[in-house]
Amino acid sequence: MNDIQQVRDAAAPPPPGVVAAARRLTLAAASGVPCAPVRDLIGTADTAVAYAVQQRIVAARRAAGARVVGHKIGLTSTAVQQQLGVDQPDFGLLLDDMAYEDGAVLPASAVLQPRVEAEIAFVLGADLADGDLTPDRVRAAVAYAVPALEICGSRITGWDITLSDTVADNASAGAFVLGRERVALDAFEPRTAVMTMSVDGRTVSEGTGADCLGDPLAAVSWLARTARDLGDPLRAGHVVLSGALGPMHPLTPGARVTAVIRGLGTVTAALAEGTASREGTA
């Protein structure tokens with residue numbers, strides 16, 4: 001049994017530190033004041049404990065009425081891994097109140113310490129729950145691809161994170177924006193896609209589909225296997241943000257970001273003028 005599979009034992013009491021870590025991160029999200037890292041509570045050696053924190057936080061959000069609409073894969077780009085000092089991917093859940101339309105202006109307070117990255121999003125037309133979940137199987141299950149922006153946010157002060165910190169923090173999920181173009185995979189090859197992202201007209205990130213675990217479909221294949229191991233497989237209709245195609249970039253109030261993914265389309269969003277999230281500790 002691997003570390004991720006261990007999280008499935010819902011009958012077991014939460015590992016030490018899980019309740020306290022979930023409480024710390026939830027308070028940061030509610031107050032708008034980032035908190036100290038949670039690795040002092042859950043350690044850094046056991047990813048299963050970090051996912052247990054994530055599941056506890058998401059379960060509380062769902063109990064309060066939030067609806068799961070998909071998954072995000074994080075840390076798929078070598079550039080982003082180097083930025084954050086980690087060496088493997090992770091994933092989090094997308095909730096309905098994180099979704100914004102193309103061209104939207106997000107409230108300045110919507111995401112704590114926002115950083116933006118450009119991605120290829122896939123909308124599934126079939127479940128990925130059984131059998132051999134290879135990239136070819138994923139390709140067949142995808143209804144269409146769309147250009148996407150993920151506005152990542154960290155509840156942890158200064159993005160001072162290890163892998164355990166970001167996993168516990170729902171993979172630093174904040175908000176996401178999907179473009180208007182929908183392209184079937186018989187007309188678009190994710191691996192060879194070329195991306196350029198600009199903020200206020202200045203190019204801040206570039207990359208290709210191959211920068212996302214070698215192929216965005218391979219990233220989704222990893223997610224499909226991992227989610228199935230957790231007993232929560234990917235379902236038809238869900239959105240999957242497959243991971244950054246290039247470095248993430250800080251987003252300040254008043255900034256407008258645009259990503260162009262060749263062969264797929266354009267997506268844009270802005271962060272409203274206003275008071276940005278505050279730095280602090282809990």
Side-chain angles (χ1 to χ4, degrees), residues 2-10 47-48 50-76 89-102 119-150 152 167 169-186 188 190 212-213 215-244 264 267:
N2 61 34
D3 284 348
I4 302 302
Q5 289 171 317
Q6 291 175 26
V7 183
R8 295 181 63 180
D9 187 5
T47 306
Y51 277 109
V53 177
Q54 179 189 125
Q55 290 181 333
R56 189 175 185 90
I57 292 170
V58 171
R61 292 287 313 280
R62 295 178 73 173
R67 181 170 56 89
V68 174
V69 296
H71 290 72
K72 63 153 290 183
I73 310 171
L75 310 176
T76 57
D90 67 351
F91 78 89
L93 292 173
L94 300 175
L95 303 176
D96 56 345
D97 60 1
M98 299 177 182
Y100 290 84
E101 295 183 351
D102 188 24
E119 310 189 17
I120 297 169
F122 299 104
V123 176
L124 298 180
D127 293 350
L128 286 169
D130 302 306
D132 193 8
L133 300 177
T134 64
D136 285 343
R137 172 78 181 283
V138 169
R139 183 186 294 273
V142 169
Y144 56 86
V146 296
L149 294 170
E150 183 183 0
C152 303
V167 167
D169 192 22
N170 197 25
S172 303
F176 67 97
V177 182
L178 300 184
R180 301 178 191 276
E181 294 91 346
R182 299 180 176 185
V183 182
L185 295 191
D186 58 3
F188 171 70
C212 178
L213 284 187
D215 184 341
L217 293 175
V220 180
S221 175
W222 171 86
L223 171 65
R225 296 190 304 271
T226 304
R228 182 179 63 182
D229 287 347
L230 282 167
D232 187 21
L234 306 186
R235 297 299 185 185
H238 274 193
V239 175
V240 177
L241 300 182
S242 60
L264 189 56
V267 58

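Fair warning: this is a prediction, and the values are worked out from it, not measured in the lab.
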Can you sort out the partners of [X] under side chain to side chain contact (heavy atoms under 4.5 Å, CB included), two or more places apart, ordered by chain and number?
| X | result |
| --- | --- |
| Ala121 | Val146, Ala148, Leu178, Val239, Leu241 |
| Arg56 | Pro14, Val18, Val19, Ala22 |
| Ala244 | Ser77, Val80, Glu117 |

When the ring planes of His238 and His71 are compared, do they come out parallel, tilted or perpendicular, using 30° and 60° as the limits?
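Aromatic pair His238/His71 classed tilted.
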
Quick one: list whatever passes side chain to side chain donor-acceptor pair (under 3.5 Å) with Thr76, sequence neighbours left out.
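In terms of side chain to side chain donor-acceptor pair (under 3.5 Å), with neighbours along the sequence ignored, Thr76 is linked to no residue.
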
With sequence neighbours excluded, residues passing side chain to side chain donor-acceptor pair (under 3.5 Å) with Glu150:
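Listed in chain order: Lys72.
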
Measure across Met98 and Gly174 and return the closest heavy-atom pair with its distance rounded to 0.1 Å.
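Result for this residue pair: CG-O, 3.4 Å.
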
With sequence neighbours excluded, residues passing salt bridge (Lys or Arg N to Asp or Glu O under 4.0 Å) with [X]:
| X | result |
| --- | --- |
| Arg182 | none |
| Arg139 | Glu189 |
| Asp136 | none |
| Asp102 | Arg180 |

How about [X] and [Y]: do any of their side-chain heavy atoms sit closer than 4.5 Å?
| X | Y | answer |
| --- | --- | --- |
| Phe176 | Leu149 | no |
| Glu181 | Val267 | no |
| Val220 | Ile73 | yes |
| Phe188 | Pro190 | yes |
| Val177 | Glu101 | no |
| Ile120 | Cys212 | no |
| Arg137 | Ser221 | no |
| Val138 | Trp222 | no |

How about Tyr144 and Phe122: are their ring centroids closer than 6.0 Å?
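Ring centroids of Tyr144 and Phe122 are no less than 6.0 Å from each other.
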
Nearest 0.5 Å, what's the CG-CG distance between Leu124 and Leu234?
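So the gap between those two atoms works out to 6.0 Å.
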
Side-chain donor/acceptor pairs under 3.5 Å, residues 60-68, sequence neighbours excluded:
unit_1, atom_1, unit_2, atom_2, d
Arg61, NH2, Asp97, OD1, 3.0
Arg61, NH2, Asp97, OD2, 2.4

